[in-house]
Each structure stands twice: as C-alpha cells, then as structure tokens.
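Below is one structure, written out as structure tokens; the observations come after it.
Since the model is a prediction, treat every value here as computed from it, not as a measurement. Sequence lines set the chain letters: A, B, ... in the order given, protein chains first and strands last, and positions in each chain run from 1.
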Amino acid sequence: SSSEPAQPTDALAGSDQESLDKYTTEDTTPIEEIDTDELDLITDGTLRVGTLSDAPPNIFLEDGVFTGYDNELLRAVGDKLGLEVEFASTDFSALLAQVQNKQFDVGSSSISTTEARRENVGFTNGYDFGYMAVVTKDGSSVSGFDSLSESTRIGVVQGTVQDDYVTNTLGLEPVRFPDYNTVFANVKNGQVDAWVAPSQQATGQVKEGDGTTIAETIINTENFTAYAANSDNQPLIDALNAGLDAVIADGTWTELTQEWYPDRELPSDWKPGSKAVDVK
Amino acid sequence: MDAFEQLGKTFFDWEAMVAVLPDLLTVGLPNTLLLALASGIIGTIAGMILAIMGISRNRVLRWIARIYTDIFRGLPAVVIILLIGLGLGPVLREITGSTSPYPLGILALSLIASAYIGEIFRSGIQSVEKGQLEASRALGFSYGSSMQLVVVPQGVRRVLPALVNQFISLIKESSLIYFIGLVASERELFRVGNDAASNTGNLSPLIAAGVFYLCLTIPLTHLVNFIDTRLRVGRKQKPEPDDPAAMIPTSGGVRA
Amino acid sequence: MDAFEQLGKTFFDWEAMVAVLPDLLTVGLPNTLLLALASGIIGTIAGMILAIMGISRNRVLRWIARIYTDIFRGLPAVVIILLIGLGLGPVLREITGSTSPYPLGILALSLIASAYIGEIFRSGIQSVEKGQLEASRALGFSYGSSMQLVVVPQGVRRVLPALVNQFISLIKESSLIYFIGLVASERELFRVGNDAASNTGNLSPLIAAGVFYLCLTIPLTHLVNFIDTRLRVGRKQKPEPDDPAAMIPTSGGVRA
Amino acid sequence: MKTIESGTLTGKGLHLSFGTNRVLRGIDLHVERGTTASVIGPSGSGKSTLLRVLNRLIEPDQGDILLDGRSVLKDNPDELRRRIGMVFQQFNLFPHKTVLDNVSLALRKLRRMSAEEAREKALAQLDLVGLRHKADARPGNLSGGQQQRVAIARALAMDPEVMFFDEATSALDPELVKGVLALMADLASAGMTMVVVTHEMGFSRNVSDTVTFMDGGVVVESGPPASIFDDPQTPRLRSFLSDVL
Amino acid sequence: MKTIESGTLTGKGLHLSFGTNRVLRGIDLHVERGTTASVIGPSGSGKSTLLRVLNRLIEPDQGDILLDGRSVLKDNPDELRRRIGMVFQQFNLFPHKTVLDNVSLALRKLRRMSAEEAREKALAQLDLVGLRHKADARPGNLSGGQQQRVAIARALAMDPEVMFFDEATSALDPELVKGVLALMADLASAGMTMVVVTHEMGFSRNVSDTVTFMDGGVVVESGPPASIFDDPQTPRLRSFLSDVL
Ligand SMILES: Nc1ncnc2c1ncn2[C@@H]1O[C@H](COP(=O)(O)OP(=O)(O)OP(=O)(O)O)[C@@H](O)[C@H]1O
Ligand SMILES: Nc1ncnc2c1ncn2[C@@H]1O[C@H](COP(=O)(O)OP(=O)(O)OP(=O)(O)O)[C@@H](O)[C@H]1O
Ligand SMILES: [Mg+2]
Ligand SMILES: [Mg+2]
C-alpha cells in the first residue's frame, strides 16, 4: 500500500477515523433480526474460527483452549448471536485465503484491515486499534518511537499491525520474524535493536531482570483491526457487526478491554463497532 | 545476565521443558506418529504405483509419472499442503461432513511422499539384474507376472534404507500440516513446542520437542544403517560341510 | 462467486502473480540461489570431512561423526536454525559487527546439509569395490593415500545423483532461515511469496514462488536422472577393431 | 535318467540388429529331436543372442523358428518359452525365494498345480540333480555348482521339449565344473534336445552331435564334432581353436 | 624380455585366522630367486589369503616372511609392498584414470618421478605388454585381456623383486586367456621371481618350477610339477586333480 510515510515523531498522524475509515458501517441490523440459519456457516449453529496459536495476548492457546483478547471478544459476539464458537489454528499467511475459501467462517488474528486485504476478503467493523510498544535492551540508544531510524534494526512479526505500522506509517524497513518468541529472543541477544510489539505482548514478555525494557508505548488507530469473513457472505458480516455492536453497547467490550489491556486508554478519536453504537 | 547465561535460559530452561512435557506426550507425539504413519503407508502404496508407471513400457504412463513426480518433488511442501487443504477441503466436507484437517493433511503429505518413494522404488527395481527378468520370462512368465513375482520384490528389499529415510523426513515434515488449521488436540510435536514457546517467550519447549524428534529419528537412522549393512554384507553364510565351495566369501561369489 | 471460481482467484490470480514477479526475480531468486549455493558448497566440504571421519579406523572419530549426523539429521531444521541464529548471532556480531542473518543462516543450512551429505559420501565410498583399495595398497600406497587417490574419487562420482537431490532439498529448505529474521531485501523466494500472500490474503503469490522453485528443481531432477542413467549404463564403449572382445556389452563384462 | 520325450528345433535365416549393430545376419540352425547341438565362437559373436531369439526373448527381425516342423512365430511367446527350458551363465536363481520355491514357482503359477503337487514335482526334480536336501536353503547359501544344478532343475520341472544352456559353467569355480557338465551329458543321453553354447571344447567334442561355429553374427562352419575340431575349413575357426585349445 | 633382477621369498609357519575361521594353519613356502612357484587348491583353501599375508596386506598372526633371507616383518609394510607386484583376478584397474595414469600413478607419487619421467617409463612398460596405443583409453573401454595386461604393466612399472598373480586369467573370456598366460610365461623366463595362484593346470605344469597344493589352510603337497601332477601322494590332491583335469 502507498500511504504517505508520516514523520516518525508523529505516531498518531493521520489516525483520523472520519477520513481514513470509509468502511465502518453507519449502523447495524438489530440483533433480534439476525437469522442464524441464513449465515451459510460451515456447520449450522457453529462459527468455525481460524486463528493463531502463538501470538499472545491477542490470540493464543492456553491449557488446550484458544483464548486471548480477540478470541474472547469473538466468543462474546458468538454468545450474543447464539452461536457456538470453535477455534482452529493456522498460519497467518494462509488464514485470509482459508476464510475466503470457506475453510473457516471467521478469521480472528488482530488482522489489520488494509486496502490490499480488502480486495480479497471481507471484514467486520473494527474492534481494536494499534497499541504498541518499543521494546529494547536495557541501556539501548533507542528511547522510543522517535528514535527509530533507517539505521535501527527494528524487529516485527511479519504481517501484523506493527509490521504495517513500521513499514507503511513510519516508512522504515523492519526485520520480519515469523513469531513473537523468535523476535523477543532476538531482542534479548541483541540481534535486533528494537522490537515494535503489541503493547500487551510487551508487558507480558518483558520481565524484571531479563535485560529488556519497554521504552515507549503509543496508540495507532490507522487500519483498525477487525474479524475477517468471506466477502460474499454479507449476512455473516452483518451478523458479526450486529453482535459486535451488541457487546459494545452492553459493556462487554469495555470490560474485556480493561481486563486484557489494563493501562490502556481509549483514544478520543476512535471507537469500535458501527458509527451508531455508543461505547459503554 | 551475560549473553551466555541468557542463551542457556532461552534454550535450556528445565521448568519450561517439564511444563510442556505432558502436552508433548499426550497430544504431540500420538499426532505426529499418526500423521507420519498414515501418510507413510499411503505414500508407499501410491509410490509403488508411480514406480510401476515410471518403468512401464507405455510412454503415456511414464510421462504421467514423470510430471507428477517433478511437481510434487519440486514444489515446496507448504504450497502443496495449502493447495490440497483449500482445494479439496470443501469437497471433503461436502461428502463426509467432517472438518478435521487430518484427512487432507495426510493426503497432502502422502502425495509428496509418494513422489519421493516412487523414485526410490523405481531406482530399486531398475537395479535388479536384467538376468532376473530374463530368467523369469524364459520360464514362460509374462512381463507383468515377472515384474510382480520376481523383479519388484527384489527391488523393494534393496531400497528399505532409503524408505526408512523417507519416513524420517515424513516425521519432520508432518509439522507443516498446521497450515491447514488445527484445533488444540490436533497439534503435533512441533506445534505443541512452538505454542508453548510463544506463551512463555522462551524457546526451551521447542528444544524439548526437538528431543522427542530425536527419540523417533535416531533409532530409525540406526535401523537404516543396520539394514544397509546387512544388505551389503548379505545374510551370514552357513559353512557347508559337503561342499567346500560354499565357503567362498560373498564378495568373491558370482554376482551378475 | 462459486467455490470453484473463488479457488481460482485465490490461487491463480494473474494480477497478484504479476505484481509479485519483480520481487521474486530481483530479490527472492538471487537470495535463494545464494543461500543454496553457499550452504551447498560448505555442506559438501564438511560432509566430506564427516564421511572420512565416519569410515576412519579411529573409533573416536567415527563416534563423533555418528553423533553429529544423528543430531543434525534428527532435529527439525527450524530448531537448528534457531539455535544457531540465536546462539551464535551475538558472537558473530562481536567479531564482525555484522547483523546480517545470512552468515548464520548459511552456517545452519550447511550444518544440516553436511550431515546428509556426509552419509551420502560415506555410502558412496563404502560402495567402491574392496579390490580398488587392495590394488592401491598392493602398489605400496598407504591407507590414507589410497583413500585419497583411488577410493574417494570413485565413491564421490557414484553419489552425484544423491548430491544433486540434496541440493534440491537445500533450495527448498533455504526458506526456513526467515526464522532468524529478514529485512525485505534479504527475503528468499518463499518468503517473498509468503509475505505477499499475508499482505493481500491471496495465495497466488505463493504459487508464483512455487513456479520459480519448479524452474530450479525440475532441470536439476532431470540432471540427476541423466547422470544416474549414464553412471548405470556406463560410458558408451567404442568398438575396438583390433580386438573383438572389446565388443562385450558392459553388462556382460567383468565387474567385481 | 529316464528317456525324455523331446522335439525338433529349427531356426531359418534369422536376422537381428540392435540399432545399427547387426548381431545376427542370417543364421540357420537345425537340431534333430533328441540330439545336442553345441554352439561355439568368440565373445560377441552373437551366441547368446541366438538363443534369446530362438525362444523369442527377443523377436527376430527376419527369419522363422520351427518346433517339430511348425512355425511358432505366431504363437504366444510366453507359451513357446514354457516349451523351452533355459539355463544361464549367472544361474539367475531368484535370490528371495528358497530353492524349492525357485523350482515350484512356475509349476504353481503357470501349470496351476496345487501347492502340494508342485512341491512333490519340484522335490523329485531336485532329487534328480542331487539337491533335495537343499530344498529349504536360499540360493545365496549354495555354491555356484549347486546353484547351477538348481537352475537346471527349475528349467526341467516345466517338462520342456528343448533345453538351452548359455555358458552354463563359465561362472563356476574349476573344481565345480565337472559336476554340471556331467549332469548335462546325462540329460543329452536321456534324449533331451539341447542347444549348448559353451567354451568347454571337451564337452562340445564328446557330448554334442553337431557343432556350430559362429563369428560376427554368421555361422562360419557347422558339422559333426570330428570335422569341426580335427578338420577346420576356415582360417577363422582355425585361429579360434588355436586360442582356446 | 630382458633378464630381470629379482629376489628370493620365504614364508615360514604362517598362521592367520579371521575370527574363529583358521584360514592359514602353518604355511611354509620358499621361492628361489628367478623361479616361479604355482599354488593350486580348491576354492576357499586359503590361496588368496596366503598371497595377501606374504605382502602384508593382512598381517600374519604368527610366522615370518623373508625377502632375500632377511625378515621383513619389522619393515614399513608399504615399503615391502613396493618390492612385490600383485595382479588380481578382477584386474582392479582404477576406472577413473586413463591406462597411462594407472601405470604411472605409483611412479609419480611413490617414486617421486617427474611427470615426464613417469610417462616415459609407463609408456615403455605398456609397450612391453603391447598396449602403448591404448595409453589414453579408460580401462572400461578395454577388453578383459587388455585390462589384465595393463594391470601387469602397472605392477611391473615399480620394478618389483617378486610378482604375485592371483587367478589372473579366471575372469577372462576363453579366447583371451592365452595372451595373458603367454605374457606371464615370458616374465618367468626373463628371470622374475613369481608366485602364481592359478586354476590353469597347463601353466602350472609347463611354466612353474614348483607346485604347492593347498587345502583347508595347509600345504598338502609341494614339489616339482612332474611329481605333483603325475604322482600325487595324497587322496586329497588326487581327488582335486581328477576334478579339474
Ligand atoms: N541388449 C542388447 N542391446 C544392444 N546390444 C546388444 C545387446 N545384447 C547383446 N548386444 C550386442 O550383440 C553382440 C553379440 O552379443 P552376444 O551376447 O550375443 O555375444 P556372445 O557370443 O554371447 O558373447 P559372449 O561369449 O561374450 O557371451 C555384441 O556386440 C553385443 O554388444
Ligand atoms: N576378509 C575376510 N574376512 C573373513 N574371512 C575371509 C576374508 N577373506 C577370506 N576369508 C575366508 O578365508 C577362507 C579362504 O579364503 P581365500 O579367498 O584365501 O580362498 P582361495 O583359496 O583364494 O579361494 P578361491 O579359489 O575361491 O579364490 C575362506 O573361508 C573365506 O571365507
Ligand atoms: Mg553370451
Ligand atoms: Mg582366491
């Protein structure tokens, strides 16, 4: 994608939902009007969700159960719709194609909703935005986002919001890794100078005495994250949007967000769900 | 913490290893074995058919075998797994109603394995002395019967080591089926180790999974060497008291 | 859009393929070749040393070779790549100041390749008739000179097909070095295709990468078959007008 | 050995080329019922190829093959080969089968005998070559001479009308040659029709009824042993005999 | 062939076991300078092993080996082998090298001759066996007889004091045997000390000065050809001769 690189210092530049987010729906079908028999699901009554097993805290597997913020929120949405939610893990590079080809009904993986992806798969309204941290080694010269430059080796996980942010928003070239554990291990042994991480992931990984620090955390609302669904299955997208609005309206979204991201504040210029719903 | 200690903790954290053990044992190991065995068996059968096509006197059959082999050996395994998973997934679901990734994963692994195994069998069969086919045909057996009764059984025996090596590859390649999508209980060794590593930010669980692989592959490697030596040296010859010539060492015996 | 059409778009979207072509050609292809060639060469040299250790008359050397081989063939490649990348990365950086993943990736691939190539060489060398060593020793050459001048050169020639096959594996395995972390210009074929697939949700770029692999692997496979046939059938014999016995077909000639 | 009922074999004007290599260039050979024809000649002269053409392991480019006066070129070649037994220089026993199975395989699969019947017949045949006690051994554990005797038993088990021997003793250790030659002589005197390609001039002279000398794909001289060995007509035969005698 | 300076070889009480298989059980052999000793015996009797022990390709378990009266067991075995040439049944030419390189390799690497010097000497040696024109061929493109002659040239190039032949003609087509035997007879008459393991009784009787009959790892009889072939003393030798003559 060709979005104009912003000034590195101005991390929030352009994160204006009005102009950038032309895809967010005005409102949604009332949840009572959703007929779950019309959703063309793989198995009637069950949402089959493709996710990843190795990207905490958004999406991961714990004690044999798929969990994480994104998946717990999706479970809540499923509850509202009266649908079972069943998860299976895959590789991110395959996930969207698998959703579009109906191997999964929904893709849940903090998927950043870029233009390029929208050409191949459908998305719901946004439920989250970029909230990221710079993790460095103790005593590193990198002190925050504004000290990232051409000469910094910045680690990211390939295909994530952070990858998108560093590449397209900051206009820098990151070192891409397949998963969080490899990138974090590379920070620890100094192979990369900084890791642009999901903020909560950073908080979870960085431990007292392991020689790493969270240098700065920032919010980026460009290209919000959303669930993916088959682009031709409008009834399903409508139903998911309705469910999402419902969990936002009744406070579940806020509750979950506070549970998973305790220190994060909701930015004033962004909100989840359709334009009509009020965050409770 | 110095770099070396850091490395030790990243790779050799006992607690992290012990924590992942139960999952490796009860989930990863059986699944890895199931995948490798099932696709090993199907791949062997399909490979045998491919080998027979590959040495057939019918040019069309030979070409089909050639192209199949080139494609399935030449493409990265992931591409094949994705093609099969996405291409046949819906078909399979339509027919059986099952959403399990295993049938598709096994199919994809079998297709890949069959291309390699086909080549192994073909070279084994072609290494059987021409005199064996000739002797069988001279008895009055047709070409087909001669292949089936005389040539193929000998060719197959010779390539046992290569077959076991192929099975070792399958054990390691089976981890790729996670590209098709696995529920928690369907994960094999590598995925179990990898997920645990993700959750803890420590790579020790991967090492633990690696040790499981070694426990599977090393005995097999030694089995290969054993079979190989035995095939090379030949069955130990019994001395024949009534015939001094029976004491000729194998290497000096008549070999076509 | 029906399922079939959708599948076509997912895998065979010409525009998506064309879009990724420049990257595949200018970034992926040279990097894949660099990785495979560099680790192929280093792996061959190290494999030769391993093979010589493996057949040495010194039990300790044999054991070292055995253990090395078991570990590097038995562990999944990813585990080895991670161990090398993370374990030796800081050391290398200290010495050279370089943070490029290539030296480490090539080292890891070379270590893996050397374990396989070592076994290939070993079996090739062991397949050389005992008479060759005996003849050389009978001339007065020491064991070492005999191996170097007579046995090893013949053993190596015989395993050329297996070596080329190993090189094909390397081409495909080179994609795993992305576990060490790659900047955009360091990506090899698979990663270029994979990134494009991740960024668009369309798998056609992966298929395009697959076609590049086929273009590398298929000619090599046919080279293998060519060498193999030539080794089996032997150099075409010239008829010898002055000696009728020179017209014996190879298969009927004396072969130990 | 009891007398064996046997047939007359004739090859007429046989031609065969491998690519541009004209290996047989018009061979005539007539073997009367119950007689032994030996074929001698230098390496590469086409002796083995002639045998293979006569039992249609290789189809001739030209010429005819008659068994008991009837052309067999239109028959099913597999059927023809059941009527002609063949013994090779390298024995070519099936190494993955026991001696008994080597002999009984064709009986069971081609003659469709029951396992018991085939076993009986195979054992009787092994008795004839003095190796009944090796029935359960693998060929690899036998000496060369024993292997060759098993190979003869295997061919005889199918009750062939003609037997071909292609340098049946060339691969044997010297002290094992005699036993096999004796067995072949027994067969000849029992009335088997035989074509014997051999380098054993003693056998050719003493056992065979006619000797054919081939060189370069043609029959150079042919006749009774006495005239071939004691009165060679051509320089080629003379030079060959001086090399091998 | 010009007269060759050559040595006296003696084996005394040689014993050798492979595991529990006692292959040589006290062998004495004396070969006077310039004479030819032939060794005959059934397969497996230990003939090849004896040759290998005499040039220390295998170290004896017990016994002594003397060259010109001096024990060589303390010498460097590689040095000893340069003084003894050896020719094998299977020729064992180096297939990856040309005929010339086969002959000149040891000259260059062990005698440290210059490439030019080694080439000259090798060509002269090839001339002797009549194969100078094949210098640039690969062994695989030669007939068996030619290969064996190259193998002899290779051994002779090192100016050995003794030559060993281990069934040098057993793998040859019959019409090629004579040429190689003639070459060996020439060598013998030129004064080379030779130990010849052979199944060619004609050569043994006509060319060799002494004949040693081995069986089961011991020397059963030994003496001049006339007494061995015409007046065998032991039943074992008598039965062996009746098999191979
Ligand atoms: N399958 C084959 N393909 C091509 N050429 C062949 C084949 N078999 C034999 N020839 C050629 O046919 C010629 C005659 O071979 P053949 O084996 O019949 O000779 P031979 O007289 O049996 O010799 P020998 O005494 O060495 O067995 C040779 O020039 C040989 O190279
Ligand atoms: N390298 C070896 N290891 C173990 N046993 C051996 C070895 N070489 C030979 N033997 C055994 O030693 C005995 C004698 O073998 P040798 O080759 O010396 O016999 P030979 O008289 O040369 O027979 P032939 O005429 O068949 O060449 C045989 O029983 C053989 O099995
Ligand atoms: Mg022949
Ligand atoms: Mg011997």
Side-chain angles (χ1 to χ4, degrees), chain B residues 48 57 121 124-160 163 227 229-256, chain D residues 48 51-52 55-58 76-97 101-103 105-111 130-131 133-134 137-138 140-148 151 154-155 157-158 160 164 166 170-176 179:
Chain B
M48 180 52 81
R57 293 182 295 184
F121 278 148
I125 291 169
Q126 287 182 333
S127 79
V128 175
E129 294 73 29
K130 272 182 55 189
Q132 290 289 320
L133 175 62
E134 205 165 38
S136 171
R137 300 223 64 192
L139 279 172
F141 285 104
S142 66
Y143 177 84
S145 305
S146 299
M147 291 308 277
Q148 188 198 326
L149 292 168
V150 174
V151 178
V152 172
Q154 292 182 58
V156 169
R157 245 161 262 223
R158 280 176 208 200
V159 298
L160 263 180
L163 273 186
I227 299 174
T229 314
R230 208 181 132 131
L231 286 179
R232 203 178 1 244
V233 176
R235 202 177 293 263
K236 184 126 193 92
Q237 297 196 1
K238 287 165 251 149
E240 308 245 326
D242 64 318
D243 191 342
M247 293 175 52
I248 308 167
T250 320
S251 63
V254 173
R255 298 267 149 145
Chain D
S48 300
L51 290 187
R52 281 158 181 72
N55 75 355
R56 294 177 64 198
L57 274 170
I58 310 171
N76 175 342
D78 294 339
E79 291 289 344
L80 172 65
R81 271 181 243 115
R82 286 173 214 173
R83 300 167 65 188
I84 301 180
M86 185 150 181
V87 176
F88 302 86
Q89 175 174 353
Q90 303 293 343
F91 327 141
N92 293 344
L93 293 182
F94 306 137
H96 59 305
K97 297 200 177 286
D101 287 344
N102 263 277
V103 180
L105 184 71
L107 295 175
R108 280 186 290 124
K109 303 280 175 177
L110 296 176
R111 283 278 141 81
L131 288 170
H133 64 294
K134 293 289 180 192
R138 297 267 165 180
N141 292 338
L142 301 186
S143 75
Q146 292 174 329
Q147 289 191 51
Q148 196 60 296
R154 178 173 71 176
M158 292 291 284
F164 288 177
D166 191 359
S170 295
L172 296 180
D173 279 316
E175 69 271 25
L176 305 176

## Note on the structure
In terms of heavy-atom contacts, A138(B) and L57(D) come closest through N-CD2, 4.2 Å
### Query
Quick one: which residues of residues 142-149 of chain B reach chain D at under 4.5 angstrom, heavy atoms only?
S142(B), L149(B)
### Query
Looking at L105(D), N55(D), I84(D), which has the largest count of heavy-atom pairs under 4.5 Å with chain B?
L105(D)
### Message
For R83(D), give me all partners under side-chain hydrogen bond (donor to acceptor under 3.5 Å, both in side chains), at least two apart in sequence or on another chain.
### Response
E161(D)
### Task
Sort F94(D) into side chain, backbone, both or neither according to what part of it lies under 4.5 angstrom from a heavy atom of chain B.
both
### Message
Quick one, P95(D) and Q132(B) - any side-chain contact, counting heavy atoms below 4.5 Å?
### Response
yes
#### Entry: Residues forming a salt bridge (charged side-chain N to carboxylate O under 4.0 Å, His left out) with D101(D), sequence neighbours excluded
none
### Task
Take M86(D) and L139(B) through the test side-chain contact (heavy atoms from CB on, under 4.5 Å) and record every step on the way to the result.
CA-CA 8 Å; M86(D) 185 150 181; L139(B) 279 172; over 6 Å; no
### Task
Identify, with sequence neighbours excluded, every residue that meets salt bridge (charged side-chain N to carboxylate O under 4.0 Å, His left out) alongside R52(D).
E134(B), D166(D)
### Query
Taking all atoms of both residues into account, what is the closest heavy-atom pair of D78(D) and F141(B), and its distance?
OD1-O, 3.7 Å
### Task
Using a cut-off of under 4.5 Å on heavy-atom pairs, state which of E79(D), K109(D), H96(D), R56(D) scores highest against chain B.
H96(D)
